[in-house]
Amino acid sequence: MLQVTDPERYAEGRWALEAGADGVGRCTPTEDEPDLALGAGALASLYLGGETVPRLAAAALVTELRPGGIAAADLLLRTPFAPWNPDLF
């Protein structure tokens, strides 16, 4: 469960992330107590694969609200692929 803060209010709220062994997952709004608190920017960097939950926590961009929440989220969100864009800016 994630508590996301977003100054633009697009991702604001509590979210439950679920994933099966086949890699299929879903994200739904929830009222349950969150495991982590983070901003939309931190969530975006996790989604794009540029960072890990432990690194963001070390930078005080993710707060663990339940013991073991960082480790569990890291297993769920980590990817072996680095972000890549074939276009030059």
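All values reported here derive from a predicted model rather than from experimental measurement. All residue numbers refer to positions in the sequence shown, counting from 1.
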Identify every side-chain donor-acceptor pair in residues 37-60 under 3.5 Å, counting partners at least two apart or on other chains, and give the distances.
from	atom 1	to	atom 2	distance (Å)
Ser45	OG	Ala42	O	2.8
Glu51	OE1	Arg55	NE	2.6
Glu51	OE2	Arg55	NH2	3.2
Thr52	OG1	Arg55	N	3.3

side-chain contact (heavy atoms from CB on, under 4.5 Å) involving Glu8 - partner list, sequence neighbours excluded: Asp6, Tyr10
Gln3 and its side chain to side chain donor-acceptor pair (under 3.5 Å) partner, picked from Glu33, Glu12, Arg14: Arg14
Chi angles and distances behind the side chain to side chain contact (heavy atoms under 4.5 Å, CB included) call for Trp15, Thr30: CA-CA 5 Å; Trp15 302 94; Thr30 185; 5.6 Å; no
Contact check, side chains of Leu2 and Pro34, non-hydrogen atoms, under 4.5 Å: no
All pairs passing salt bridge (charged side-chain N to carboxylate O under 4.0 Å, His left out) where residues 38-47 contributes a residue, at least two apart: none
Show me the donor-acceptor pairs within less than 3.5 Å that the side chains of residues 66-83 make with the rest of the protein, sequence neighbours left out.
from	atom 1	to	atom 2	distance (Å)
Arg66	NE	Asp35	OD1	2.7
Asp74	OD1	Arg78	NE	3.2
Asp74	OD1	Arg78	NH2	3.2
Asp74	OD2	Arg78	NE	3.3
Asp74	OD2	Arg78	NH2	2.9
Thr79	OG1	Phe81	N	3.3

Qualifying salt bridge (charged side-chain N to carboxylate O under 4.0 Å, His left out) pairs, either residue in residues 20-30, two or more places apart: Glu18-Arg26
ILVMFWY clustering at 4.5 Å (side-chain atoms), partners of Val24: none
